[in-house]
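I have a structure here, written as structure tokens, and I will follow up with some questions on it.
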Amino acid sequence: MAEEELHAIRIHLDRLLAERGMTLTELSAHVGITVVNLSVLKNGRAKAIRFSTLSKICEVLRCQPGDLISHDPAGTA
């Protein structure tokens, strides 16, 4: 099994963007992070996220870190 598949962290960026009527490109412009890097995060392929990045995303999306990230050890999400 690939290393990316071993973690149980789930990213809910798609849902948050849809709820706010925002695109990944718009979020990128507001946060100052490339679309490619946000896409890596959105697709669950990121190995880490800086707290400063997390803070910017939460500020722009008006959410809490727990709205964006969850732990799903059963792999049901």
Side-chain angles (χ1 to χ4, degrees):
M1 186 176 286
E3 184 178 331
E4 296 86 36
E5 297 174 28
L6 296 178
H7 68 78
I9 300 299
R10 303 292 173 246
I11 304 296
H12 309 289
L13 192 51
D14 275 339
R15 178 179 49 83
L16 290 170
L17 288 170
E19 288 173 359
R20 282 140 180 88
M22 185 180 288
T23 67
L24 201 61
T25 302
E26 291 170 327
L27 180 62
S28 171
H30 289 296
V31 174
I33 296 166
T34 67
V35 173
V36 171
N37 283 338
L38 283 175
S39 181
V40 167
L41 177 64
K42 179 181 77 102
N43 293 316
R45 294 188 320 263
K47 295 184 182 200
I49 184 170
R50 292 178 185 209
F51 283 158
S52 60
T53 300
L54 181 59
S55 292
K56 288 178 190 177
I57 292 171
C58 287
E59 182 179 323
V60 171
L61 294 178
R62 299 173 321 278
C63 68
Q64 294 295 313
D67 298 328
L68 180 65
I69 301 170
S70 65
H71 182 247
D72 182 24
T76 58

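Heads up: numbering here begins at 1 and tracks the sequence.
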### Message
Run the side-chain contact (heavy atoms from CB on, under 4.5 Å) test on His71 and Ile9 for me, step by step, so that the C-alpha distance in whole Å, both residues' side-chain angles and the decisive distance to 0.1 Å come before the verdict.
### Response
CA-CA 5 Å; His71 182 247; Ile9 300 299; 3.9 Å; yes
### Query
Are Leu38 and Val40 in one and the same hydrophobic cluster, where Ile, Leu, Val, Met, Phe, Trp and Tyr link if side-chain heavy atoms are under 4.5 Å apart?
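No, separate clusters.
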#### Entry: Check against side-chain contact (heavy atoms from CB on, under 4.5 Å), Leu13 and Leu27
CA-CA 10 Å; Leu13 192 51; Leu27 180 62; 3.8 Å; yes
Check: residues 49-62 side-chain donor-acceptor pairs under 3.5 Å, at least two apart:
{"unit_1": "Ser55", "atom_1": "OG", "unit_2": "Phe51", "atom_2": "O", "d": "3.0"}

### Pairing residues for Arg15 by the salt bridge (Lys or Arg N to Asp or Glu O under 4.0 Å) criterion, not counting sequence neighbours
Glu19
### Message
Quick one, Leu17 and Thr23 - any side-chain contact, counting heavy atoms below 4.5 Å?
### Response
no
### All pairs passing side chain to side chain donor-acceptor pair (under 3.5 Å) where residues 27-41 contributes a residue, at least two apart
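Applying side chain to side chain donor-acceptor pair (under 3.5 Å) to every pair that reaches into residues 27-41, excluding sequence neighbours, yields Thr34-Asn37, Ser39-Asn43.
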### Selection residues 22-44 - residue pairs positive for salt bridge (charged side-chain N to carboxylate O under 4.0 Å, His left out), sequence neighbours left out
Asp14-Lys42
### Message
With rounding to the nearest 0.5 angstrom, report the CD1 to NE2 distance, Ile69 to His12.
### Response
8.5 Å
